[in-house]
Amino acid sequence: MDFQLSEDQRLVRDTARAFAEEQVRPLAAKIDAEARFPTETMGKLAELGFLGIFAPPEYGGAGLDYLSYTLVVEEISRVCAATGVIVSAHNSLACFPLMQFGTEQQKERFLLPLAKGEALGAFALTEPEAGSDAASQKTVAVDDGDAFVLNGSKIFITNATVAKVFLVFCLTDPPAGVRGITCLIVERDAPGFSIGKKEETLGIRGSGACSLHFDSVRVPKDQVLGEPNRGFRVAMTTLDAGRIGIAAQAVGIIQAALDESVRYSKERKQFGKSISSFQALQWMIADTSTELAAARWLTYRAAALKDAGEAYTLEAAQAKLFASEMATRAAHRAMQIHGGYGYTREFVVERLYRDARITEIYEGTSEIQRLVIASQVLK
Ligand code: CAA
């Protein structure tokens, strides 16, 4: 067992940390306040290879391992969880399934520009009636010779304001239910495809989440990702990997909550001394620090298993469940330590508190993670 990051992984982490401090932090409060996608950051992320972190170099990627991706998402999320999820969704929900299920021609045409960071990708599974029950798709694609004709809507799609490539799940054989779902690669400029309203969210307000609408969109059959009617497997395999990214985002938020708590509790004086000298606060900081360590190691373990080519469905769900619940708890404590100031927009903890909450919801709620964990433990 090795608890050390390799030299390369440490270099990636340090590069991501410096980038996050210099380029991401200055925009974090602004994109949150304006609910604006940080378009200006995308070119810089691409230059560092952070939009194709684990994609192979022959498809434009940086060819790093999944643990390195985890480190990048953690470091970026530490300063801006919205930018963190943009990077996470693009890498693990768009590049990864194209790597895993794409044909050679699909990799050349779609993965390459995504991994080079010339375009962003999005993953479109969720619908108004298909949240936790992801198989309950209403979006339908009808076979029409050399193409499928797609009709329906999606909601809460991260990166949608700017993404060029969308992986869209739909029913191609409605009576077959979960075995009648297909994943289609849809381009932003496909006739009949429109981006709907931007979601007004509590946190991660810069993540570009929108609804999508498909009005008789013709999608050529060579844009089926994986096999027709086997799309649910594509979705589940992708989410197993994606959940490690959300766990990493949550770890970044916990670290930020701890950083802010330590700094403020040392500076703030009440009753004639720093509030960090009070045991009540020391215990809060001790608990956050311990939960951070546990969340981080669960997350790195899941990533390391994936890198080793081993099964990781269980470990990814455990990491996502634990890290996300600890992020909410850490942000709650950080706000408590800041008192009334923490409840204002002047202090970072107010944003952390709002951003943390979604990590318990997207890419599978905590209840779905428990369901996945139990089904793995009891099988
Ligand atoms: N890997 C591969 N295949 C899997 C799998 C996995 N981890 N889990 C299930 N499958 C396969 C099963 O083997 C089965 O295949 P067969 O039909 O060939 O036997 C098929 O999928 C159906 O499996 P289940 O009967 O278990 O499926 P279910 O309908 O009961 O659903 C679920 C299972 C775990 C609840 C699933 O619906 C789920 O994960 N729900 C949560 C959805 C979710 O996470 N949504 C997130 C949206 S994306 C997002 O949030 C992105 C963002 O904004 C950042």
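Residues: numbered from 1 along the sequence shown. When reading the values below, keep in mind they use all heavy atoms of this one structure, side chains included, and skip hydrogens, waters and symmetry mates. Note that ligands are numbered from 1 as they come in the structure, with each ligand's atoms numbered from 1 the same way.
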Could you check whether atom 18 (O) of ligand 1 has a protein contact, counting only heavy atoms that fall below 4.0 angstrom?
yes
Which of the listed options, Ser132, Ser136, Ala135, Gly242, holds the heavy atom that is closest to atom 37 (O) of ligand 1?
Ser132
Salt bridge flag under 4.0 Å for residues Arg329 and Glu291
yes
Enumerate the atoms of ligand 1 whose separation from the nearest heavy atom of Tyr362 is less than 4.0 angstrom.
50 (O), 53 (O), 54 (C)
Ala89 contact mode with ligand 1 (heavy-atom cut-off under 4.0 Å):
neither
Look at atom 13 (O) of ligand 1 and say whether a protein heavy atom is found at less than 4.0 angstrom from it.
no
Is it the case that over 12 heavy atoms from other parts of the model lie below 6.0 angstrom from the OH atom of Tyr343?
no
Under 4.0 Å from one or more heavy atoms of Phe123, ligand 1 contributes atoms 48 (S)
Those atoms of ligand 1 less than 4.0 Å from some heavy atom in Gly131:
42 (C)
Sub-4.0 Å atoms of ligand 1 with respect to non-hydrogen atoms of Phe232
20 (C), 21 (O), 22 (C), 27 (O), 31 (O), 37 (O)
Side chains of residues 304-311: which donor-acceptor partners sit under 3.5 Å, not counting sequence neighbours?
residue	atom	partner	partner atom	Å
Asp307	OD1	Tyr66	N	2.7
Asp307	OD2	Tyr66	N	3.2
Asp307	OD2	Leu67	N	3.0

For atom 16 (P) of ligand 1, what's the nearest protein heavy atom and its distance?
Arg179 NH2, 3.3 Å
Answer with side chain, backbone, both or neither: which part of Gln376 has a heavy atom less than 4.0 angstrom from an atom of ligand 1?
neither
Do protein heavy atoms approach atom 44 (O) of ligand 1 to less than 4.0 Å?
yes
Before you tell me yes or no, could you show the steps for Glu187 and Arg109 under salt bridge (Lys or Arg N to Asp or Glu O under 4.0 Å), namely the whole-Å CA-CA distance, both residues' side-chain angles and the distance that decides it to 0.1 Å?
CA-CA 11 Å; Glu187 291 173 282; Arg109 183 163 163 215; 2.8 Å; yes
At under 4.0 Å between heavy atoms, is it the side chain or the backbone of Arg230 that contacts ligand 1, or both, or neither?
side chain
Check whether NZ of the Lys or CZ of the Arg Lys221 lies under 6.0 Å from the centre of the six-membered ring of Phe148 and within 45 degrees of that ring's axis.
yes
For Lys116, is the NZ atom crowded, meaning more than 12 foreign heavy atoms sit under 6.0 Å from it?
no
Can you check whether Phe193 and Phe166 have ring centres sitting under 6.0 Å from each other?
yes
Under 3.5 Å, which donor-acceptor pairs link side chains of residues 73-85 to any protein atom two or more places apart or in another chain?
residue	atom	partner	partner atom	Å
Glu74	OE1	Tyr300	OH	2.8
Glu74	OE2	Arg296	NE	3.1
Glu74	OE2	Arg296	NH2	2.8
Glu75	OE1	Arg17	NE	3.0
Glu75	OE2	Arg17	NE	3.4
Glu75	OE2	Arg17	NH2	2.9
Ser77	OG	Val73	O	2.7
Arg78	NE	Asp259	OD2	3.0
Arg78	NH2	Asp259	OD2	2.9

Measure from atom 21 (O) of ligand 1 to the protein's non-hydrogen atoms and state whether any distance is below 4.0 Å.
yes
Regarding Lys107 and Glu58, does a basic nitrogen lie under 4.0 Å from an acidic carboxylate oxygen?
no
Residue, atom and distance of the protein heavy atom nearest atom 32 (C) of ligand 1 read Met236 SD, 4.5 Å
Whether over 12 other heavy atoms sit under 6.0 Å from Glu7 CD:
no
Please determine whether a side-chain nitrogen of the Lys or Arg among Arg243 and Glu363 lies less than 4.0 Å from a carboxylate oxygen of the Asp or Glu.
no
Only heavy atoms of Leu93, strictly under 4.0 Å: list the atoms of ligand 1 that pass.
51 (C)
Counting heavy atoms only, name the option from Thr237, Ile155, Asn229, Leu314 that's nearest to atom 2 (C) of ligand 1.
Thr237
Do Leu321 and Arg370 make a side-chain contact, defined as non-hydrogen atoms from C-beta onward lying under 4.5 Å apart?
yes
Between Val85, Thr365, Thr126, flag the one that comes closest to atom 47 (C) of ligand 1 by a heavy atom.
Thr126
Can you tell me which residue and heavy atom of the protein come closest to atom 39 (O) of ligand 1, and the distance to 0.1 Å?
Arg243 NH2, 3.1 Å
Is there a polar contact between ligand 1 and Gly364, counting only N or O atoms under 3.5 Å apart?
yes
Considering residues, nucleotides and ligands other than Arg268, do more than 12 of their heavy atoms fall under 6.0 Å from its CZ?
yes
Please walk me through it: do Phe50 and Tyr69 pass ring pair (Phe, Tyr, Trp, His ring centres under 6.0 Å)?
CA-CA 8 Å; Phe50 289 170; Tyr69 154 73; over 10 Å; no
How close does the nearest protein non-hydrogen atom get to atom 3 (N) of ligand 1, and which residue and atom is it?
Arg233 CG, 3.6 Å
For Val178, atoms of ligand 1 separated by under 4.0 Å from a heavy atom:
22 (C)
Looking at Asp240, which atoms of ligand 1 are within less than 4.0 Å of one of its heavy atoms?
1 (N), 6 (C), 7 (N)
Counting from 1, what ligand 1 atoms have a heavy atom of Thr158 closer than 4.0 Å?
52 (C), 53 (O), 54 (C)
Would a hydrophobic clustering, with Ile, Leu, Val, Met, Phe, Trp and Tyr connected at side-chain separations under 4.5 Å, put Ile253 with Met326?
yes
Nearest non-hydrogen protein atom, atom 34 (C) of ligand 1
Val372 CG2, 3.9 Å
Nearest non-hydrogen protein atom, atom 50 (O) of ligand 1:
Glu363 N, 2.8 Å
